[in-house]
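Convention: sequence-line order gives letters A, B, ...; per-chain numbering from 1.
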There are 2 protein chains.
Amino acid sequence: MKKRVTLKQIAKELDISVSTASKALRDSKEISQDTRDKVKAFAKLYNYKPNTIAISLQNRRTKNIAVVVPEIVHHFFTTLVSGVEKVANAQGYNVVVCLSNESFEQEVNNMEMLANGRIDGFILSLSKGTLRKKDYRHLQEVMDQGMPVTLFDRITDEVMCDKVVIDDALAAKKAVTHLLDRGCKRVALVTTVDYVSVGCERTRGYMNALKNVGIEVDDQLILKIEDMDTCVSEIQEFLSKIEFDGVFGVNELFAVSAIKAAQKKGLRVPKDVAVVGFTDGILSQQFSPSLTTVVQHGYDMGQTAAQMLIDRLESDSDLAFTTQVIQADLVKRESTAVAIKVT
Amino acid sequence: MKKRVTLKQIAKELDISVSTASKALRDSKEISQDTRDKVKAFAKLYNYKPNTIAISLQNRRTKNIAVVVPEIVHHFFTTLVSGVEKVANAQGYNVVVCLSNESFEQEVNNMEMLANGRIDGFILSLSKGTLRKKDYRHLQEVMDQGMPVTLFDRITDEVMCDKVVIDDALAAKKAVTHLLDRGCKRVALVTTVDYVSVGCERTRGYMNALKNVGIEVDDQLILKIEDMDTCVSEIQEFLSKIEFDGVFGVNELFAVSAIKAAQKKGLRVPKDVAVVGFTDGILSQQFSPSLTTVVQHGYDMGQTAAQMLIDRLESDSDLAFTTQVIQADLVKRESTAVAIKVT
DNA sequence: TCTCCACACGAAAACGCTTTCGTTGTTTAT
DNA sequence: ATAAACAACGAAAGCGTTTTCGTGTGGAGA
């Protein structure tokens, strides 16, 4: 087991001082070309790599950024992490991933654990627990200590920081409008409880779309789901007793469950009922019928969020906070295809 | 912006030395109860948190572990990361996630980037690039420097370290046997190219299952896929020109694509052809017909891998390398349901 | 010859903490 | 009374770097 070689050892071997060795490796012109070469050759030979921890301690920057997500087994969040990874790595940063599991306490704990010098900044999507509690002191605290935070997707107006989101209301409106354009008259909505910012926005978009064409919102057609674990049966129960010819589900699972529930009722998709979802994951793409859905471009969001954070980390003047809105698109697939009329 | 308070500042304020402050906070009996209380009160008041980086430098341990996965937008890998996160966090470790994107170079780069003091050990699944190249020097190198590595899922015999896997061959055999038991005579196999260790093992399991009941392996029934991007059409093309009554796909996507291809051919699933997949992701669960599949228990694997790594990190005597085999189970669903005979 | 200035390098502080090894002043045993 | 033991604390080294500020050469210019 050959231990890592340090600057001190190099210095001793070459009979120079540590400072000379350090400067030589960094190509300081203070050092003669001769010694520079010598030191570099030696360093290469012994595979010297500077100790990152020591450097971090020195300049009080770790080149680590944390991504805190409610859960990771979820297409949108994983693509986002991918995007963050990409731009972070390209700029010499490492990404430490933390899961809040939708819990306020875990979110707080994780942030405290990381804020003590381990990382330079946070990229975070609020947990449901936090959204319900509306307690954002842990965010404010790290920011007060000069540690930047970039919020994404599930955000709040109550803390001032960089944010990156999609226009959920607009995207939802587009989705529902697509349904309406297709001729749907009674569009059901399967959404989340209101404290989830994005769910709420999407609900708003649904209503806007209806108002836009003069259809009154019918509460009978709206299902708000609290517990993801029981959503499948809830949706089935809900759809079994209403009349509808379209469904907008605010995520993949809701949409797919709606399709299955409709089919169980003897309705054909897309012939009798058209369905639109949210998030373009593997399920939307591969389900049969494939799902018309809103694509959130999580990869792009991740890249944007990471870049915003890094920009702030690397600028000395303090930038004004901005909110970036990422374009969301509706991708049309089989679940809303217009039936080909056989005349 | 209130900067973090350091030991030095506490010491100065309280007019004691840094060492006394440090000891007081760690409840050293060298310090009088009186000063201990005083220091702790002050520390609490000013929300003192020791700087993790300084401590890391001091004892040359970071309490960070790295998980390197080929890609993260994949059910198995995300559940694994979740499992790692859980046991790591519970023991005060942070998890830094790195993506190799199936590329040898990125795997090497990432590991080099992290090995310089940032982390204490690796949990890693080999990228396809690495498997193809059969070059494991980067692993050997970090291990030579005393940094433990735990390999999972996609492993190799060529490096000696802790490993955690499932018995892919056995699981595949179970899967195919289930098909055979159901009455299938011509079971097609959709698998990966051979250098992917797990794909290869699963192929072996398929063959074993056939041999077991005296069926000869028919190469016509085997499709090996190199490029994931074109797999859907490849599978369709493949299945269009063979006769089969069962399919075993070595992942979710292969299996689902097979179902769709069969349906396109006018075959009913599971009535005319039964299908089994691998990995119990959202697609397997939600696709219609739902998929009979091998569940790999990624969450358990992650927990096991993390625990193995941490055990090694925290033991001073060096443990013998072990390979843990996680139980894999076949979950039976609609895609292999026996038709209910209506007499 | 004397001064001045590159030049090439080294000493030491600093980052924030832990830990070892004194150094006091006080108490106990002899 | 004297040595020994103890209690409570501080100084300093050390972790591996970077960086500032010398310092000792030698050569150029006056």
Side-chain angles (χ1 to χ4, degrees), chain A residues 3-40 42-43 46-64 92 114-120 145-147, chain B residues 3-40 42-43 46-64 92 114-120 145-147:
Chain A
K3 275 260 134 267
R4 288 192 150 307
V5 43
T6 72
L7 261 195
K8 197 194 269 189
Q9 294 168 33
I10 294 187
K12 179 181 280 183
E13 288 294 317
L14 259 40
D15 205 39
I16 56 178
S17 75
V18 178
S19 18
T20 304
S22 171
K23 288 175 198 160
L25 287 173
R26 335 191 83 237
D27 251 329
S28 158
K29 66 214 57 89
E30 231 179 310
I31 306 299
S32 72
Q33 192 59 53
D34 207 46
T35 21
R36 269 191 257 176
D37 291 343
K38 222 176 291 175
V39 175
K40 283 190 203 161
F42 193 91
Y46 282 87
N47 193 27
Y48 168 78
K49 296 281 165 49
N51 182 313
T52 328
I53 293 291
I55 298 181
S56 292
L57 181 58
Q58 176 73 266
N59 40 223
R60 268 142 303 176
R61 312 188 52 221
T62 63
K63 285 243 167 192
N64 283 152
L114 290 166
N116 313 128
R118 278 183 194 285
I119 59 145
D120 296 338
Q145 289 168 8
M147 191 165 292
Chain B
K3 274 264 135 263
R4 296 195 94 62
V5 44
T6 73
L7 262 196
K8 195 194 271 187
Q9 294 168 33
I10 294 187
K12 179 179 279 181
E13 290 293 318
L14 259 39
D15 204 39
I16 56 177
S17 76
V18 178
S19 18
T20 304
S22 171
K23 288 175 199 161
L25 288 173
R26 335 191 83 236
D27 250 329
S28 159
K29 67 215 56 87
E30 232 180 309
I31 306 298
S32 71
Q33 192 59 54
D34 208 47
T35 19
R36 269 192 258 177
D37 292 343
K38 221 177 291 175
V39 174
K40 283 191 204 162
F42 192 92
Y46 283 88
N47 192 28
Y48 168 77
K49 297 279 164 52
N51 182 313
T52 327
I53 294 291
I55 297 181
S56 292
L57 181 58
Q58 175 74 266
N59 40 224
R60 267 143 302 176
R61 312 189 53 223
T62 62
K63 286 244 168 190
N64 283 153
L114 291 166
N116 313 129
R118 279 184 194 285
I119 60 145
D120 295 339
Q145 288 169 7
M147 191 164 291

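- Across all their heavy atoms, B:A21 and B:L7 have their closest contact at CB-CD2, 3.9 Å.
- Using a 4.0 Å cutoff to heavy atoms of chain A, the contacted part of DNA chain D runs 5' to 3' from D:dC15 to D:dC21.
- Between A:G117 and A:T62, the shortest heavy-atom distance links the atoms O-CG2, 2.7 Å.
- Of the inter-residue distances, the one linking A:E13 atom CD with A:Y46 atom OH reads 6.0 Å to the nearest 0.5 angstrom.
- For B:D27, the salt bridge (charged side-chain N to carboxylate O under 4.0 Å, His left out) partners at least two apart in sequence or on another chain are B:R36, B:K40.
- In this structure, CG in B:L14 is found 10.0 Å from OG1 in B:T20, a value given to the nearest 0.5 Å.
- Comparing the helix axis at one end of the helix from C:dT1-D:dA30 to C:dT30-D:dA1 with that at the other, each defined from 5 consecutive pairs, gives an inter-axis angle of 70° (nearest 10°).
- Of the residues in residues 46-62 of chain A, A:Y48, A:K49, A:P50, A:N51, A:A54, A:I55, A:Q58 come within less than 4.0 Å of DNA chain D through at least one heavy atom, sorted by number.
- Note that CG of B:L57 is 11.0 Å distant from CD1 of A:I55, once rounded to the nearest 0.5 Å.
- Boundaries of the chain B contact region on DNA chain C are C:dC15 to C:dC21, first to last in 5' to 3' order (nucleotide atom under 4.0 Å from a heavy atom).
- When side chains are defined from C-beta on, B:V5 does not count as touching B:N47, because their heavy atoms never get closer than 4.5 Å.
- For B:A43 against B:L25, the heavy-atom pair with the smallest separation is CB-CD2, 3.8 Å.
- Residues meeting the side-chain contact (heavy atoms from CB on, under 4.5 Å) test with B:R4, sequence neighbours left out: A:N116, A:Q145, B:K49.
- Remark: B:D15 engages no residue in a side-chain contact (heavy atoms from CB on, under 4.5 Å) (not counting sequence neighbours).
- A:K12 pairs by the side-chain contact (heavy atoms from CB on, under 4.5 Å) definition with nothing, not counting sequence neighbours.
- Annotation: salt bridge (charged side-chain N to carboxylate O under 4.0 Å, His left out) contacts of B:E30 (sequence neighbours excluded): B:K23.
- A:L114 meets the side-chain contact (heavy atoms from CB on, under 4.5 Å) test with A:A66, A:V96, A:C98, A:R118, A:I119, A:F122, B:N94; sequence neighbours excluded.
- Pairs engaging residues 50-61 of chain B under the side chain to side chain donor-acceptor pair (under 3.5 Å) rule: B:R61-B:Y93 [sequence neighbours left out].
- Note that CD1 of B:I31 is 10.5 Å distant from NZ of B:K29, once rounded to the nearest 0.5 Å.
- DNA chain C is contacted by B:V18, B:S19, B:S22, B:K23, B:R26, B:E30 of residues 16-32 of chain B, taking any non-hydrogen atom closer than 4.0 Å.
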